[in-house]
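Comments concern the structure below.
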Amino acid sequence: MKTNSIEDEIKNFPIQEYSFFKSKDVVFSDEVRDLCEKNTCGLYGTSWACPPAVGTTEECRKKCSQYMDVFMFTTATKMKNSYDVQGWLDARKEHEKLTDQVGRVFRENYENLLILSTEGCSVCKSCTYPKDPCRFPDRMYPATEAYGILVMKQAQVCNIKYNNGQNTVTYFSMIFFNRS
Ligand code: SF4
């Protein structure tokens, strides 16, 4: 049973909370993806990790449905205050680094994963999108929102805290995999 060995391998990682669940229980919402299309975050069409490059809502759901299992985890980082922009950026960088580490553990155990993480992609200083293919497809994690996943509700379903308290930023990543 590989789940136990994964739990052993990640036990010293700075993960706040995690959950294993079935991909049939992923909470999709057209409204989440609509916000992407309205470019509320300013990242629409700026990288291979965001719409429209990730595919249509239907294509994203179809990709997720090709997996049976999901691992979701969070990091929670204290900010100096609610205006601590640098703290927020640093927390995201650390979360993405951890997503790389957790992804490596899953890749050692399972083939052909789908990894989703936080807003857009910040791996390269300048993205190749749309002219050339992604330079690092294994490190390019589309945002959960780009796939139309309602993280707030998903957290409830997984019994994971969406918010870890005042002046704390909580980030989520999801790894889709098949056990066999
Ligand atoms: S890894 Fe680089 S090329 Fe690929 S989506 Fe991210 S920024 Fe763009």
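All values reported here derive from a predicted model rather than from experimental measurement. When a ligand or atom number is given, it counts from 1 through the structure's own listing order. Worth knowing before you read on, the calculation uses all heavy atoms, side chains too, and leaves out hydrogens, waters and symmetry mates.
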Atom 5 (S) of ligand 1 - nearest protein heavy atom and its distance
M140 CG, 3.4 Å
Minimum-distance protein heavy atom relative to atom 4 (Fe) of ligand 1
C134 SG, 2.3 Å
Closest protein heavy atom to atom 8 (Fe) of ligand 1, given as residue, atom name and distance to 0.1 Å
C127 SG, 2.3 Å
Which ligand 1 atoms does R135 reach within 4.0 Å, using its non-hydrogen atoms?
3 (S), 4 (Fe)
Main-chain N/O of E119 paired with R92 side-chain donor or acceptor, under 3.5 Å:
yes
Is there a side-chain contact (heavy atoms from CB on, under 4.5 Å) between I175 and V70 once you walk through the steps?
CA-CA 6 Å; I175 299 181; V70 190; over 6 Å; no
Measure across A91 and Y171 and return the closest heavy-atom pair with its distance rounded to 0.1 Å.
C-CE1, 3.8 Å
In terms of hydrophobic clusters joined by side-chain contacts under 4.5 Å, are F21 and V151 together?
yes
I want to know whether Y67 and F177 have ring centres closer than 6.0 Å.
no
Which atoms of ligand 1 have any heavy atom of W48 under 4.0 Å away?
5 (S)
Where ligand 1 meets T128 - atom numbers and elements under 4.0 angstrom, heavy-atom basis:
3 (S)
Sub-3.5 Å donor-acceptor pair from the side chain of K11 to the main-chain atoms of I6, do we have one?
no
Look at C121 and state whether any of its N, O or S atoms is less than 2.8 Å from atom 2 (Fe) of ligand 1.
no
Would C124 count as a contact for atom 8 (Fe) of ligand 1, in the sense that one of its N, O or S atoms lies under 2.8 Å from it?
no
